[in-house]
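Heads up: the structure comes next, in structure tokens.
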Amino acid sequence: MKNRYSIFSLIKNAFSHHENWQKAWKDPSPKKEYDALIIGGGGHGLATAYYLAKKHNMKNIAVLEKGWIGGGNTGRNTTIIRSNYLWDASARLYDHALKIWEGLTQELNYNIMFSQRGVMNLAHNLQDVRDLKRRTHANRLNGIDAIYLNTEEIKKFCPIINTSPNIRYPVLGGTLQKRAGTARHDAVAWGYARGADEMGVDIIQNCEVKGIKRENNEVKGIETTKGFIKTKKIGVVAAGHSSVIANMVDLKLPLESKPLQALVSEPVKPIIDTVIMSNAVHAYVSQSDKGELVIGAGTDDYISYSQKGSHDIVEGTLNAILELYPIFSRMKMLRQWGGIVDICPDASPIISKTSIKGLYFNCGWGTGGFKATPGSGDLFAHTIANDEPHKLNAAFNINRFVSGDLVDEHGAAAVAH
Amino acid sequence: MFLINCPFCGEREQSEFKAGGEAHIVRPKQPTELSDDEWAEYLFMRKNIKGIQFERWNHVHGCRKWFNIVRDTSNDEIKVVYKMGTKPPIK
């Protein structure tokens with residue numbers, strides 16, 4: 001049994017100069033066989049393993065991670081959490097996640113620094129205004145908190161926004177979801193890893209998947225850089241690399257992997273106490289607890305696994321940021337990075353069984369997967385354990401691209417994906 | 001960010017171009033006879049290769065012509081540029 005983190009353990013460890021903290025998770029070698037294997041040790045994969053062990057009593061399982069846990073998109077996103085999606089299926093999916101976020105720190109006994117500071121989405125033209133009003137109504141019908149704000153109310157809520165009518169894309173209105181906010185992304189991965197490890201899940205890092213063994217259209221195991229591991233169920237949560245795994249079993253997915261960039265500034269005193277997103281000019285910004293501005297840019301339009309994006313994408317985003325927030329004009333940017341996001345044609349995820357028995361995919365989260373981490377893990381665990389989707393992820397099956405029953409969130413989801 | 005050698009205009013910045021996705025996906029000859037599975041395959045399913053990919057590009061802020069590229073998607077290195085309608089010069 002692990003030591004619980006508390007004020008008392010903090011004081012106790014202070015006496016030994018914090019050198020005797022227990023390891024948060026072990027570093028085991030893979031066993032010969034598991035009941036299920038999860039490919040991908042990001043937030044979604046670790047959450048899947050955590051809920052498989054916790055809610056479905058599948059404890060003889062392992063997470064295989066090519067690099068180190070949380071080293072991919074989990075550590076490369078802008079940590080925004082919200083559930084103000086237009087369509088019923090998405091609203092339920094993302095709000096399911098948001099509800100878990102609200103109690104996650106306590107559940108994991110790990111401070112994920114969840115902060116419900118609100119997320120505001122701005123409208124810059126008449127069509128934006130109509131779309132955002134429609135979405136506000138749709139959200140309320142689905143029991144999700146949403147408020148529509150006019151320009152003065154926006155200025156009052158966040159005084160640093162330039163609401164002059166004379167800028168190129170003036171702020172005409174916006175929506176606010178107060179329950180939305182941010183969380184510490186690394187802590188989410190670490191908290192889930194610690195929780196899963198405690199229940200007996202093996203977290204195997206530096207273990208790359210080289211092939212998937214099948215017989216009679218059924219999975220038998222995984223060939224890895226640490227040898228062959230036998231299993232009957234495989235959950236693939238490989239984000240940008242989902243197609244790479246799918247190609248190993250001659251399965252085609254409707255995904256394109258593209259670089260998505262983000263950047264942070266030098267740290268400054270608190271200036272922005274919410275998250276502001278603007279779809280039309282593609283600028284979104286928040287401030288981390290360290291004081292850095294966290295800025296999300298857009299995706300490049302070409303397929304790439306290079307984890308670096310184009311300069312002009314960053315330039316476009318910063319142009320928009322500077323027009324909306326002239327106060328930032330002399331801020332210096334500290335770091336910029338790219339992650340590889342797997343985008344579905346309808347900008348909605350796939351949490352689904354496949355045509356191969358025992359093979360499940362959780363992918364296609366595109367540019368907005370972080371917010372769904374707990375819900376995604378919970379529903380994917382349900383799908384793997386029962387070999388059937390939960391009612392909340394039934395709409396996000398892979399067959400929707402055949403039936404045409406798409407969940408088209410491209411323009412509808414409040415930001416472009 | 002990289003440079004692309006447009007077969008009509010010469011070397012330009014990638015930001016002048018629009019990516020057109022996977023190349024050599026042939027439009028079905030008899031669309032009316034396609035099953036739903038075949039439509040899904042044609043419309044949505046992609047190889048999304050990590051490594052050598054054949055793809056289409058349009059010089060949208062230049063000559064506006066389409067052409068093909070062979071590019072390594074793991075490091076964005078362009079191997080060959082070739083014109084529309086011609087067969088890929090490498091495998």
Side-chain angles (χ1 to χ4, degrees), chain A residues 66 208 238-248 250-259 261 298-316 336 338 340-348 350 354-355 363-364 397-406 408, chain B residues 1-6 11-26 28 31 34-62 64 66-81:
Chain A
K66 179 173 66 169
E208 187 175 348
H241 282 70
S242 299
S243 298
V244 176
I245 305 286
N247 286 337
M248 289 176 184
D250 305 315
L251 197 70
K252 265 192 178 175
L253 295 173
L255 298 175
E256 288 194 315
S257 295
K258 297 175 175 181
Q261 294 177 88
T299 52
D300 279 290
D301 70 340
Y302 52 87
I303 292 170
S304 177
Y305 291 80
S306 66
Q307 287 197 333
K308 55 190 177 192
S310 303
H311 184 67
D312 56 293
I313 302 284
V314 171
E315 201 175 9
Q336 166 275 349
I340 304 304
V341 296
D342 43 329
I343 300 178
C344 263
D346 60 354
S348 284
I350 296 167
T354 64
S355 53
C363 58
N397 63 69
I398 206 164
N399 289 329
R400 71 179 190 265
F401 298 96
V402 177
S403 69
D405 192 9
L406 303 177
D408 190 1
Chain B
M1 187 174 183
F2 45 88
L3 298 172
I4 295 176
N5 196 1
C6 171
E11 202 167 66
R12 302 292 169 86
E13 271 189 34
Q14 172 266 318
S15 58
E16 285 191 17
F17 298 82
K18 172 94 184 134
E22 192 178 319
H24 307 295
I25 296 173
V26 182
L34 246 49
S35 69
D36 288 351
D37 280 314
E38 288 165 325
W39 267 122
E41 180 78 15
Y42 168 69
L43 283 174
F44 298 126
M45 300 304 165
R46 295 291 177 263
K47 288 182 196 147
N48 195 23
I49 284 169
K50 182 180 187 180
I52 302 297
Q53 171 167 272
F54 298 81
E55 56 189 17
R56 304 178 302 168
W57 284 78
N58 184 354
H59 194 181
V60 66
H61 298 300
R64 305 199 51 170
W66 285 92
F67 56 95
N68 291 319
I69 281 182
V70 184
R71 183 171 58 96
D72 187 339
T73 59
S74 62
N75 58 13
D76 293 337
E77 189 190 334
I78 294 172
K79 304 287 183 189
V80 192
V81 178

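So you know, we letter chains A, B, ... as the sequences are listed, proteins then strands, and number each from 1.
For the side chain to side chain donor-acceptor pair (under 3.5 Å) test, residues two or more places apart in sequence or in another chain that qualify with Glu13(B) are Ser15(B). In this structure Phe54(B) satisfies the ring pair (Phe, Tyr, Trp, His ring centres under 6.0 Å) test with no other residue, sequence neighbours excluded.
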Report task. Could you give me the CA-CA distance, side-chain angles and deciding distance for Ser306(A) and Thr73(B), then say whether side-chain contact (heavy atoms from CB on, under 4.5 Å) is met? Result -> CA-CA 7 Å; Ser306(A) 66; Thr73(B) 59; over 6 Å; no

Query raised in the report: Checking side-chain contact (heavy atoms from CB on, under 4.5 Å) for the pair Tyr302(A)/Asp76(B): CA distance, chi angles, key distance, verdict?
Result: CA-CA 10 Å; Tyr302(A) 52 87; Asp76(B) 293 337; 4.2 Å; yes

Requested in this report: Applying side-chain contact (heavy atoms from CB on, under 4.5 Å), run through Asp342(A) and Ser243(A) and close with a yes or a no.
Outcome: CA-CA 8 Å; Asp342(A) 43 329; Ser243(A) 298; over 6 Å; no

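Of the listed residues Phe44(B), Phe17(B), Phe2(B), Trp39(B), the one with more heavy-atom pairs under 4.5 angstrom with chain A than any other is Phe44(B). The greatest number of non-hydrogen atom pairs below 4.5 Å with chain A, out of Arg71(B), Gln53(B), Glu22(B), Lys47(B), is found for Arg71(B).
Contacts of Leu253(A) with chain B are made by backbone atoms alone, with heavy-atom separations under 4.5 Å and no side-chain atom involved. In this structure, chain A has a heavy atom under 4.5 Å from the side chain of Glu41(B), while its backbone stays farther away. If you measure heavy-atom distances from Leu251(A) to chain B, you find no contacts under 4.5 Å at all. Heavy atoms closer than 4.5 Å to chain B are found in the side chain of Asn247(A), but not in its backbone.
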